[in-house]
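Please read the structure below before turning to the comments.
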There are 2 protein chains.
Amino acid sequence: MIKQAEISGWRQARRRSARDAIVEAAWALAREEGLAGLSLRELARQAGISPPTVYAYFDSKNAIYDAMFGAAATQFADRMAEPYQCEDPSELLVAAAMRFAEFCTSDLERYQLLFQRCVPGFEPSPQSYAPALRALAGARDVLALNGITDTRHVNLWTALITGLVSQQVANDPHGDRWTGLIEESVAMFLTHCQRAEGRRPVPAALPPEGALS
Amino acid sequence: MIKQAEISGWRQARRRSARDAIVEAAWALAREEGLAGLSLRELARQAGISPPTVYAYFDSKNAIYDAMFGAAATQFADRMAEPYQCEDPSELLVAAAMRFAEFCTSDLERYQLLFQRCVPGFEPSPQSYAPALRALAGARDVLALNGITDTRHVNLWTALITGLVSQQVANDPHGDRWTGLIEESVAMFLTHCQRAEGRRPVPAALPPEGALS
DNA sequence: GTCTATATCCAGATAGAC
DNA sequence: GTCTATCTGGATATAGAC
């Protein structure tokens, strides 16, 4: 015999997978037409449903953007958290920066939504943003492994790496005019910060994950 | 007696000033409603004309964006070219970076149009873009004064400074969490590049202004 | 939940008189 | 050059039958 709770579970799973299918179609469409050109009519057409049906799953267009953001942020956090082959802290920092750059340049629309924030009235909800905070915490950990804990230096790190990537994406989307500078940039950064922070030893335990931003 | 050429000159001047007035109104509106929210109806209303009259001066909405871009790019080049109070090359570099940051953070919409490029179907025409190239050439000159001529280092410079500014604008628009790092960043950059380029003496004559990009 | 049909609104752009 | 009036087409979102 089938219990009520199980039926409810099925329903929820079905509903979630239908939502996922719509989000998937939305991403496919956004990659073709650009993020701003996402229309609910086209989205419904590609997803094989009628336009009003979209509203059975999402309250508004921005709710769709939010789900797209959440999916992208999860991909981001997962990708950055995958194991690294190297062990030397400075190599780890280079590898993380390169992975970040590769993640960004491999899907420009995703990069735009996640990091550029140029969809008119849209801002991600805290839930959708949460995975991105995970990834940022990971970056802090890698910096800490290199003896870098000063907030100023963490900020400098984000500026340096996002600066390289944004120049790359904007001015040479399929080349490596800026991403090819990552290794040198990291060396410059490490030399500067480790000198400034007095080549502190790596702390035995990683710092707690408070105050991310 | 009035010559035909003078009348024609008047006409052109009148036309240009009418165009300028529309562009001015467009900027005022964009600062209120956001760049993407610029509508021709509202623009006409604020400029004191009817919507179709806009088309007597601009072929399309993108032509208006282009004129807005041109005006902003001119402001940018002019501001960056104003005389500096300091003479030491490294101080000059810091001053230029700070001036750039101040220019960007003092008008976020202008920054968005000039450097973020997130208006859907719009790309600036070469004419409108030209002043920005002038400013970039100026940056190269200041770098050259510091003995930095390697293209890689010029690219690193643009990435570093735009990275600081873009983080500032995106995450702390009215504070100085990243712009406050400019002085330290420039020191880091100079130490690195001058070491790498072997503390070359400043060339007697500035390099020619070819191959900007 | 899904559909057809439609409401409502606003955009950019044009026609043609004056 | 400027206007009134309008075209054309797009958008998000809703009503109500099934």
Side-chain angles (χ1 to χ4, degrees), chain A residues 4 6-26 29-30 32-69 113 118-123 125, chain B residues 4 7-27 29-30 32-69 113 118-123 125:
Chain A
Q4 193 62 34
E6 285 177 17
I7 292 179
S8 167
W10 289 351
R11 285 242 169 99
Q12 282 185 14
R14 271 182 67 90
R15 183 177 171 82
R16 196 163 43 234
S17 81
R19 270 181 67 105
D20 289 351
I22 293 175
V23 171
E24 198 49 49
L29 194 57
E32 285 175 20
E33 313 267 328
L35 268 178
L38 189 76
S39 93
L40 295 191
R41 286 165 151 73
E42 261 303 297
L43 170 56
R45 210 183 57 79
Q46 288 226 4
I49 58 179
S50 69
T53 302
V54 175
Y55 286 90
Y57 295 95
F58 298 94
D59 287 341
S60 70
K61 189 180 184 180
N62 274 353
I64 298 175
Y65 278 126
D66 199 53
M68 294 170 73
F69 188 100
L113 183 63
C118 61
V119 175
F122 167 67
E123 277 194 68
S125 65
Chain B
Q4 192 62 33
I7 293 177
S8 166
W10 288 352
R11 286 242 168 99
Q12 282 184 16
R14 272 183 67 90
R15 182 176 172 81
R16 196 163 44 235
S17 81
R19 271 181 66 106
D20 289 351
I22 293 175
V23 171
E24 199 49 49
W27 267 119
L29 194 56
E32 284 174 21
E33 313 267 326
L35 267 178
L38 188 75
S39 92
L40 295 190
R41 287 166 151 73
E42 260 304 297
L43 170 56
R45 211 182 57 79
Q46 288 227 3
I49 58 180
S50 69
T53 303
V54 175
Y55 286 90
Y57 295 95
F58 297 95
D59 287 341
S60 70
K61 190 179 183 179
N62 273 353
I64 298 173
Y65 279 126
D66 199 54
M68 293 169 74
F69 187 100
L113 183 62
C118 62
V119 175
F122 167 68
E123 278 194 68
S125 64

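Just so it is clear: chains get the letters A, B, ... in the order the sequence lines come, proteins before strands, and each one is counted from 1. Every heavy atom of this structure was used, including side-chain atoms; hydrogens, water molecules and symmetry mates were not.
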Applying ring pair (Phe, Tyr, Trp, His ring centres under 6.0 Å), which residue pairs with at least one partner in residues 34-58 of chain A are found, sequence neighbours left out?
none

In 5'-to-3' order, the base (B), backbone-only (S) or no-contact (-) status of each nucleotide in nucleotides 5-18 of chain C, using a 4.0 angstrom heavy-atom cut-off, is B-----BBBBB---

Distance, nearest 0.5 Å, that separates OG of A:Ser17 from CD of A:Glu24:
12.5 Å

Does the side chain to side chain contact (heavy atoms under 4.5 Å, CB included) test come out yes or no for B:Glu42 and B:Glu32, once each step is laid out?
CA-CA 11 Å; B:Glu42 260 304 297; B:Glu32 284 174 21; over 6 Å; no

One pair to check against side chain to side chain contact (heavy atoms under 4.5 Å, CB included): B:Ile64 and B:Met68. What are the steps and the verdict?
CA-CA 6 Å; B:Ile64 298 173; B:Met68 293 169 74; 4.1 Å; yes

Please tell me if A:Thr53 has a side-chain N or O lying less than 4.0 Å from either OP1 or OP2 of C:dT2.
no

Counting any heavy atom closer than 4.0 Å, what does A:Arg15 reach on the DNA or RNA strands: base, sugar-phosphate only, or nothing?
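Sugar-phosphate, no base atom in range.
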
Could you tell me how far apart B:Arg19 (CZ) and D:dT2 (P) are, to the nearest whole angstrom?
13 Å

Send over the distance from B:Arg16 CZ to D:dG1 P, rounded to a whole Å.
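Answer to the nearest Å: 13 Å.
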
Those residues that, when tested against A:Thr53, pass side chain to side chain donor-acceptor pair (under 3.5 Å) (two or more places apart):
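Scan of A:Thr53 (side chain to side chain donor-acceptor pair (under 3.5 Å), adjacent residues dropped) gives A:Ser50.
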
Strictly distance-based, threshold 3.5 Å: is any side-chain N or O of B:Tyr65 a donor or acceptor partner for the main-chain N or O of B:Gly121?
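Flag not set: sc B:Tyr65 to bb B:Gly121 has no pair under 3.5 Å.
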
